[in-house]
Amino acid sequence: MSIAFTPWPSDLADLYRRKGYWTDVPMTDILTRHLDERADHLALICGERRWTYRQLERDAERLAASLLRLGVKPGETALVHLPNVAEFYIVFFALMKVGVVPVNALFSHNRHELTAYAEQIRPILAIVSSRHSLFAEGEFAQALSQQVPSLRHWLVEGEAEFGCSLAAAISGTQVEQGSHNVQAAEALTWPELTASEVAFFQLSGGSTGTPKLIPRTHNDYYYSVRASADICQLDSDTVFLCALPAPHNFTLSSPGALGVFYAGGAVVLAAEPSPMTCFPLIKRHQVTMTSLVPPAVTLWLQAAADDRSALDSLQWLQVGGARLGESLARRIEPELGCRLQQVFGMAEGLVNYTRFDDSEWHVLNTQGRPISDDDEVRIVDEDGQDVPRGTPGALLTRGPYTFRGYYNSPEHNRVAFDQDGFYRSGDVVVMTEDGYLIVVGRDKDQINRGGEKVAAEEIENQLLALPEITQAALVAMPDAVMGEKSCAFIVTSNPKLKTLSIRKHLRTCGIADYKLPDRIEKVDALPMTHVGKIDKKALRQLIANQVQAQSQPQPEKDVLS
Ligand code: OOB
């Protein structure tokens, strides 16, 4: 059994193999390739715990064996919800070894997101952490198991009130002995992995009501990992601080932890990207490279103004996930003492990097150029016609590591791709004469909250679930630190409806905190376009004007008037 996905047409698949992008080697190779020469090299640090490549591979293998004893089968799926801890990678590689395909939810995700993912993939297994309030007790786990009956096994990181201990499954000391699926250790059969099949699901930032899943194959993802490691010149001396969420495509593979493992370097985990957490880790472990979103850069610059001695070992800072303004970009090298690399990527595939030998202008003003010579990029106008270089247009792309369809979403795929299989990224970009991309806007209904993506429709649906709200529109509003925050415009039949009760309602829906509207504006009516759609452009302008007016210093009252 394997996961259904939209394949690449055979002529392109042949090309990608011929060019050596697709090697038909599964991603388990990322660790096993080091077992001969670099087995005892440091691979991973999490708090006071350390793993060499040999130990990391051994733990992944033990967990995989425990999973086989539970009776998991290749092509089944798992829901993973872990914070930035070493177990995230142990689980990632273990699931790959047994051919179980996970969704790695962000730790900031909540009941709403986890339920939506579980309903889409029908997992047999969930691997979660009791550090999250959702799983401090077993109530939600039980409810989800009832709602999604395929969900038979729970492994819990930390103190477990329910399910089995993940630590025990990794050490091999405990499996569900009572289960009728238990196989004798000697009877374990390791599945043959096929690299052209789906290895895991990436999460789409999305613009639709339900969060969409992106099937990523071993072949396509492993290529992006190798090529990224190469472009970023990673080697066994690289020490990477993983401070953004580990499952995110940026921190996982651009070049991220997988790029670093591939190159034989070391990954240091941080719980979150604040300077308070990260600076001591950088100093202690002599970190050479990390990746941040622009709002975190602002915090790092503030903290470094007091003392930047902790950053002495840091050579490269990758910034991506949201547009990095030129003035912020310009401060990075002089104030943090490391070089900047801009990264513009997407969980769906295409990743762009500025290169190490690029001019200062390119590094400060562009979001880089694609990884691969065979990344095909089209920039088109509203009629789908290619625009000349230097002119803004919608970015469409296809290539050796850009997916060909969201999981189980035929209707959405018809609009997300053009007739030639180009993915409509929803970004508005300009291509320079020399092929670099500058992100200038967006034509998807999404808010980019400092790198965290909020699909407008998802929140609007939740708002409209309140009977007193008759119309709702979520739009981006400018914010000095986050770049964008979200503003919900609502029309209500109840003039007494309080913003507070709307927030309360959204919280009870179990939506991730970062998706809650930063501001809620009650209006009499929403502006409409001439084709009868809500005019979000007008709403964005309206809230931008208000934000600007409120940020102006108020003129001092004239005492004479
Ligand atoms: C990364 O991936 P996602 O899937 O969370 O978000 C993708 C979207 C892009 O389509 C674009 O709208 C925006 O995030 N974005 C940027 C950007 N990097 C991503 N917008 C402006 N400047 C940038 N540098 O965010 C992601 C995946 C891999 C590597 C880096 C980021």
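Note: hydrogens, waters and symmetry copies are ignored here, and every other heavy atom, side chains too, is used. Whatever order the structure lists ligands and atoms in, that order sets their numbers, starting from 1. Keep in mind that what you see is a predicted model, and the values were worked out from it rather than measured.
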(request) Please state whether the rings of Tyr423 and Phe417 are parallel, tilted or perpendicular, taking 30° and 60° as the class boundaries. (result) tilted
(request) Give a yes-or-no answer on whether the side chains of Gln385 and Arg378 include a donor-acceptor pair shorter than 3.5 Å. (result) no
(request) Write down, by chain and number, every protein residue that brings a non-hydrogen atom to less than 4.0 Å from an atom of ligand 1. (result) His248, Asn249, Phe250, Ser254, Gly320, Gly321, Ala322, Arg323, Val343, Phe344, Gly345, Met346, Ala347, Gln367, Asp427, Val439, Lys444, Asn448, Lys453
(message) Distance alone, cut at 3.5 Å: any donor-acceptor contact between the side chains of Tyr353 and Gln318?
(response) no
(message) Does either side chain, that of Gln342 or that of His362, offer a donor lying less than 3.5 Å from an acceptor on the other one?
(response) no
(request) For residues Ala488 and Leu463, report the shortest heavy-atom separation together with the two atoms involved. (result) CB-CD1, 3.9 Å
(message) For Asn249 and Gln202, which I'm curious about, is there any donor-acceptor pair between the side chains at under 3.5 Å?
(response) yes
